[in-house]
Peer 1: 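Structure below; questions to follow.
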Amino acid sequence: MSKNNNDDKNKIRRRKVTSSNTDVNKNTSKDNYKKVSSKPKKHRKRSKTKIAGMLILFMLVTVVAVGSALVFSSLRNTEVVTKSLLDSKTNNKTVLLYTDGSKLAEAETGHKKIPLKKLNNKTVKNALVAIEDSRFYQHNGVDLRGLARSVKENILGNRQGGSTIPMQVSKLLLTSQEQTITRKIKDIYYAYEMSKKVSKEDILLTYLNNMYVGNSFYGIEAAAQGYFNKTAEKLTLPEAAMLVGATNNPYKYSPYTKLKLDGTEQRSDLENKLLFYSHTENDGFDDPTQVELNMIDKLYSWGLITDYDTYSQLKKGTMIVRKAVLNENAVGRAKTVLGKMKQYGYISQSEYDQACLDAANIKIEIPKNIQTIVSSVEDYVYDEVINALKDQGYTQEEANNLYYNGGLQIQTTIDSSMQAELEAQYNNSSNFPSTITDANGVTQPQSAMVIIDYHNGQIKSLIGGRNVKGKRTLNRATSPVQPGSTIKPLSIYTAAIDTLEMTQSTVFSDARGGYKFKENRKWNPSTTTAGVGNMSLRLGLAKSSNTVAVKTAENLGESYQDCIDVMMDYLKNFGITTVVDSKTNSSNTTDRSFPSLVLGGMAYGISPLEMSAAYGALANGGVYIEPTVFTTVSTYNGELIVKSTPQEHRVVDEEVAYVMTDMLKAVLTEGTGSDASIGKMPVAGKTGTTNNKYCVWFVGYTPYYVGATYIGDDVGRKDSNGNKIDLRPVEGSSSTTAKLWANVMKPIHENLEVVDFEKPSGINFYKINLTDGGLSSYGSNAAFVKGTSPTRTSSYSVPTPSNTGTTQDEPTNDNAGDGDNPPDDNTDNNNGDNTNDNNNNNNQTPGGNQDDNNNGDNGNTGGGDNQDNTTPGDNGETNTGGITDTNNATEALQPEQ
């Protein structure tokens with residue numbers, strides 16, 4: 001049956017529109033229109049409400065999702081909390097490692113952190129609960145009521161913490177001090193877990209063992225001993241309240257404040273009240289005033305300073321002293337804690353009243369340090385790591401906390417076998433002359449040595465003294481000492497070779513006189529050699545001739561001050577930081593003089609560490625690398641905190657450095673340093689002796705390592721009556737130090753391949769006569785930078801003896817000085833290296849010369865002989881001390897390759 005469109009079932013039913021309907025629509029009033037369209041508007045309102053509801057629901061879902069994700073991510077790397085975990089982290093110590101990974105040392109405990117296994121003093125525990133977590137025994141790790149109250153108070157602008165004791169334990173040991181939501185989530189989680197698996201008593205003890213109480217004291221036991229010189233078990237009620245209260249703000253509420261000495265104190269005022277701190281440029285401490293310096297002598301005479309090392313550093317200003325005075329803020333905070341204890345029923349009203357009175361009279365008592373024989377390495381590593389942490393933005397307190405309580409892994413550069421060898425040699429008294437123990441209990445003569453791998457600047461071994469006692473005391477390896485003639489290669493001869501106008505064959509008269517500048521003619525330093533002829537630069541350095549050194553230095557510039565500037569610049573480029581470059585007449589201390597820069601009679605001196613690094617630059621092809629004692633500092637779980645990146649710079653071209661190495665090798669083969677020989681291994685180095693042999697040096701290097709060492713009595717010592725103790729000359733002069741150097745270095749090099757120093761391509765060798773510097777088939781093979789060469793043929797037809805002059809730093813005539821430096825016959829009652837009238841005697845350092853009766857040439861006193869400035873040489877020439885005339889020189893022979 002076909003479909004019919006007229007069938008009702010298939011019709012599209014439409015509303016019939018008539019003309020009348022059309023008219024109605026046209027004539028519909030405005031009101032009728034609004035009434036008809038009101039239904040769609042209500043529908044739109046319902047849609048907006050629905051959309052808003054969906055948005056809110058979406059936001060809630062998002063917040064929950066994000067929150068869940070945050071919680072999940074925060075707790076992703078959590079640990080299982082157990083008592084053993086808390087104990088291990090409480091007892092975690094910073095470890096110093098040798099290069100081979102073995103343990104060098106653990107960070108000293110002292111009074112930094114002394115964990116307790118138990119504490120029976122309920123007063124301490126009650127004070128802690130009262131002030132920090134009053135519902136501690138009721139909640140399960142997190143006090144929801146306390147958290148709600150904290151949120152409310154913070155919204156109202158009143159800062160209030162909501163952390164419970166378990167949450168604080170988490171922050172101290174398991175998370176961090178960062179103010180982040182992630183850390184808070186972890187703290188809450190750990191607090192809950194802790195309360196499930198660790199007893200309340202153990203949680204309290206863990207907190208007490210780790211809380212910070214100011215002044216680098218961590219834990220109740222360390223704080224009790226450090227502030228009151230008693231154990232935590234014996235703390236009184238007000239003392240317990242004071243220590244517990246300090247944790248709220250250790251910088252404000254620590255039990256004592258540190259004040260300067262004002263000079264009015266009596267012995268009884270300062271007994272058990274003195275604090276000693278190392279003083280550096282950026283430590284925040286003021287330099288000591290004259291009043292404080294005067295008080296140091298009183299403290300020493302009263303027996304309140306018990307060791308000479310501390311006294312010496314205090315007098316030099318490298319250490320300062322403060323007195324501990326009861327902190328009034330701490331007293332107020334203790335009363336607040338006592339009030340909470342009374343509020344929660346731990347003490348009665350009468351106990352509260354009495355404790356408040358006693359708090360105002362708490363006695364601060366600083367414990368005496370127990371001195372033990374130690375290595376200087378640990379102290380030096382501590383200093384360097386703390387400075388590195390501070391460079392990264394940590395405060396001194398934060399850096400100390402991390403060092404002592406962070407469980408750090410410090411990878412040092414110290415080689416265990418080399419350090420053991422160095423310490424063994426320093427424990428062998430036969431390496432040192434006339435060993436005594438002075439009235440201050442200090443071994444004399446003293447000594448220090450540093451060995452560096454100059455290829456990378458890493459310190460391989462270091463010792464800061466003989467039988468060093470105590471921590472944070474004088475480290476002679478890093479303390480400046482008068483260098484004597486070891487300064488000459490750095491300030492004079494490297495600069496001379498670097499001019500490319502002076503060479504190893506350049507000749508000067510070694511006789512006294514003939515000086516170029518009026519200042520030096522007035523000073524008129526003596527010769528330390530035969531003083532009757534000429535010397536090449538090579539022989540002048542090998543024999544440590546003072547007159548040749550002065551005359552060489554006079555050719556570094558056009559004027560006296562020009563020469564001073566050149567020598568200053570080279571020393572600074574060699575990493576010497578103790579040069580005093582004061583150009584003002586008002587300054588009392590300066591090294592702007594030839595005696596300081598040529599003969600080493602400096603205002604402060606140079607430390608063995610800086611001296612070894614400076615010579616290391618010559619060994620390293622002219623590149624100076626800043627010495628470092630550690631490579632990395634990491635957390636206990638391996639997270640890298642600090643990586644050492646030593647700075648380096650070029651001092652001179654490698655050809656110039658090689659020529660200097662060749663000249664310093666001649667010191668052993670042709671000069672004063674033969675006792676430093678260690679067999680077939682090549683050695684380059686320099687001896688140094690201050691006048692009267694009060695301090696003797698040897699600085700030398702091989703193709704592997706550089707080492708610097710000195711021997712000499714400490715300067716400025718006093719007996720129990722305050723009388724100055726005279727220095728003693730070192731028996732054997734610089735040969736004693738050269739032998740010590742060899743005894744240390746020979747076993748270190750025993751299994752190393754014998755190789756020579758690498759020769760750059762820009763070097764030629766010529767044989768020269770050591771006296772007149774001329775080419776000679778019988779001469780010494782000497783290195784020259786390409787483009788330079790000997791400028792004459794030797795007038796000697798036979799070889800000159802290699803031992804011309806002296807074989808050690810010893811005088812060869814009645815007018816010669818002791819060792820490398822000239823005698824005092826040109827000074828007025830001055831017997832030392834450092835007698836410049838402008839020098840401050842308070843700045844003398846151990847191993848140099850005494851404050852008042854100095855023995856050397858650092859003195860522009862004008863008391864010298866005004867001798868004729870023209871000295872005849874061996875060959876009949878008249879030499880005025882300048883470079884030998886080369887205009888008529890014969891053609892140079894071809895170099896030996």
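Atoms considered below: every heavy atom in the structure, side chains included; atoms not considered: hydrogens, waters and symmetry mates.
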Peer 1: Can you check whether M418's main-chain N or O pairs, donor with acceptor, with E423's side chain at less than 3.5 Å?
Peer 2: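 Between the backbone of M418 and the side chain of E423 there is no qualifying donor-acceptor contact (under 3.5 Å).
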Peer 1: Give me each pair satisfying ring pair (Phe, Tyr, Trp, His ring centres under 6.0 Å) with a member in residues 418-445, each pair once, sequence neighbours excluded.
Peer 2: Y426-F432
Peer 1: Can you confirm if the aromatic rings of F285 and Y277 lie within a centre distance of less than 6.0 Å?
Peer 2: yes
Peer 1: Kindly determine whether E421 and K746 satisfy salt bridge (charged side-chain N to carboxylate O under 4.0 Å, His left out), including the steps that lead there.
Peer 2: CA-CA 10 Å; E421 185 61 45; K746 189 171 184 178; over 6 Å; no
Peer 1: Please check if the distance between the ring centroids of Y227 and F217 is under 6.0 Å.
Peer 2: yes
Peer 1: Can you confirm if the aromatic rings of H749 and Y705 lie within a centre distance of less than 6.0 Å?
Peer 2: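 So the answer is yes for these two rings.
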Peer 1: Does V442 offer a backbone N or O that forms a donor-acceptor pair with the side chain of D438 under 3.5 Å?
Peer 2: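 At least one qualifying donor-acceptor pair exists.
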Peer 1: Is it true that a side-chain atom of D415 and a backbone atom of K460 form a donor plus acceptor pair closer than 3.5 Å?
Peer 2: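 Not a single qualifying donor-acceptor pair exists.
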Peer 1: Mark yes or no for whether N327, through its side chain, and S254, through its backbone, hold a donor-acceptor pair below 3.5 Å.
Peer 2: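 Side chain of N327 to backbone of S254, a donor-acceptor pair under 3.5 Å: yes, one is there.
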Peer 1: Using a 3.5 Å cut-off and no angle test, enumerate the donor-acceptor pairs between side-chain atoms of residues 628-635 and protein atoms at least two apart in sequence or in another chain.
Peer 2:
unit_1 : atom_1 : unit_2 : atom_2 : d
T628   : OG1    : F630   : O      : 3.0
T628   : OG1    : S644   : OG     : 2.9
T631   : OG1    : Q411   : O      : 3.3
T635   : OG1    : N637   : OD1    : 2.3
T635   : OG1    : E639   : N      : 3.0

Peer 1: Does the distance from a Lys or Arg side-chain N to an Asp or Glu carboxylate O, for K117 and D87, drop under 4.0 Å?
Peer 2: no
Peer 1: Does a side-chain N-to-carboxylate-O contact under 4.0 Å join E292 and R322?
Peer 2: yes
Peer 1: Using a 3.5 Å distance criterion without hydrogens, assess whether the side chain of R466 forms a donor-acceptor pair with backbone atoms of P445.
Peer 2: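 A pair under 3.5 Å: yes.
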Peer 1: Between T412 and L97 (side chain of the first, backbone of the second, donor and acceptor by atom type, cut-off under 3.5 Å), is there such a pair?
Peer 2: yes
